[in-house]
*Asks:* 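Before I ask anything, here is the structure I am working with.
Note that the structure is a prediction, hence the values are computed from the model and not measured. Letters A, B, ... mirror the listed sequences (proteins, then strands); counts begin at 1. Worth knowing before you read on, the calculation uses all heavy atoms, side chains too, and leaves out hydrogens, waters and symmetry mates.
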Amino acid sequence: MRFYRPLIAMCIGLLIAGVAAAAPTPQTGTCTEPVTISAKDSVALRDAFNRARGSVRLVFLVDPICSGCLRGLKDLDTAVLTPFAGNSKLQTYVIHTPVLGAQEKDSANTCSLIHNEHVTHYWDPGQELGTTFAQALGMKDGDRTIYAWDVWLVYGPQAEWTGEAPPKADFMMHQLKDLMGRAEFPFLRASTFREEVEKRLDVHKATDAASAR
Amino acid sequence: MAFHSQRFWKWALPSGAVGSGALAALLGACCGVPWLVAAIGVSGAIAVARVAFLAPYLWIAAFGVSLGGLIWAYRVEPVCDAACVPAKRRGRRLIAWLILATLVALFVAVRGWQGFSS
């Protein structure tokens, strides 16, 4: 019997190690472990969005292997995310959508580009959120809905996501050829985007000051 | 290298046409090809995206130079007497057409990539 004890202990040890390794890694919403969402299961994003009501919220829809999207992300980090890095009243949600065939691990491409603690990453493997947001934003070319990617949205403190579809953004910019030259869909310019964010943050500050009095 | 020398036409023209065509293709690949970030890294891809607006001008330069090569290959040369060596025009023409074909192929390929671009 004494002979079998170490063997049994080893088997139990291996079993525990196997179970631990097989358990799914919890998704944390970081650039290396984005939270998986879909059109039907966007609760994680919707809840996070609504929990942050009272803050200015930014939603970025990007493909992490699209160089134009990465450039946009870097420009907005320089203009908005880094300067407001410590401001908890600015929350950012980056939705990675694989239009060019990105994989979940490619979201790590954005790690070195974003310098802000209040950013949550999501992974949309079925390319569904782009359609959902496009419908909410009215992104159409005739009857055709233009898929929302390389799209940059600003939501004010009052915005709330009540139904299935996300609310219409207070301000949006894009880098899509199909929307070029349309006044209601301005092309991405980091300085303009920053002004819009600042405007909403200032309004927020003023409201806070008024309610304190 | 003098503009009128044989070496200019032989080396600078083909490499200029293919070089600017390849550069235009690389810039045009920005935002539409899935392998660009993997091939040249995040910083490289961002740098390419920043100068991608130059792609049309580079295409114009590439096709312009290629056209120059064709004109040169088909130019009327003075009839040779005993004092000069007749130029090998067949090789020249073949190279000029090959360059143009390469540029057209690159251009078509890039247009295909751009179908996906944002």
*Asks:* Please enumerate all residues that pass salt bridge (Lys or Arg N to Asp or Glu O under 4.0 Å) together with A/Glu198, with sequence neighbours excluded.
*Replies:*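 For A/Glu198, the residues satisfying salt bridge (Lys or Arg N to Asp or Glu O under 4.0 Å) (neighbours in sequence not counted) are A/Arg194.
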*Asks:* Let me know which of A/Asn109, A/Asp106, A/Asp63, A/Leu100 forms a side-chain contact (heavy atoms from CB on, under 4.5 Å) with B/Val37.
*Replies:*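 Looking at A/Asn109, A/Asp106, A/Asp63, A/Leu100, the match for B/Val37 under the side-chain contact (heavy atoms from CB on, under 4.5 Å) is A/Asn109.
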*Asks:* Ignoring hydrogens and angles, tell me if any N or O in the side chain of A/Arg71 forms a donor-acceptor pair with the backbone of B/Ile46 under 3.5 Å.
*Replies:*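 Looks like no, no N/O pair under 3.5 Å.
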*Asks:* Around atom CZ of A/Phe187, are there more than 12 heavy atoms from other residues, nucleotides or ligands closer than 6.0 Å?
*Replies:*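 Above 12, so yes.
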*Asks:* Does A/Arg182 have more than 12 heavy atoms from other residues, nucleotides or ligands lying within 6.0 Å of its CZ?
*Replies:*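 Yes - once you tally the heavy atoms of other residues, nucleotides and ligands closer than 6.0 Å, there are more than 12.
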*Asks:* Side chains of B/Leu36 and A/Ser67: closer than 4.5 Å at any heavy-atom pair?
*Replies:*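 Yes, side chains in contact.
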*Asks:* Once rounded to the nearest 0.5 Å, what's the spacing between atom OG of B/Ser43 and atom CG of A/Leu70?
*Replies:*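 The OG atom of B/Ser43 sits 10.0 Å away from the CG atom of A/Leu70.
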*Asks:* At a heavy-atom separation under 4.5 Å, does A/Leu179 approach chain B through its side chain, its backbone, both, or neither?
*Replies:*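 Answer is neither: A/Leu179 stays 4.5 Å or more from chain B.
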*Asks:* Any idea which heavy atoms bring B/Arg50 and A/Asp75 closest together, and the distance?
*Replies:*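 What the structure gives for the nearest pair is NH2-OD1, 2.9 Å.
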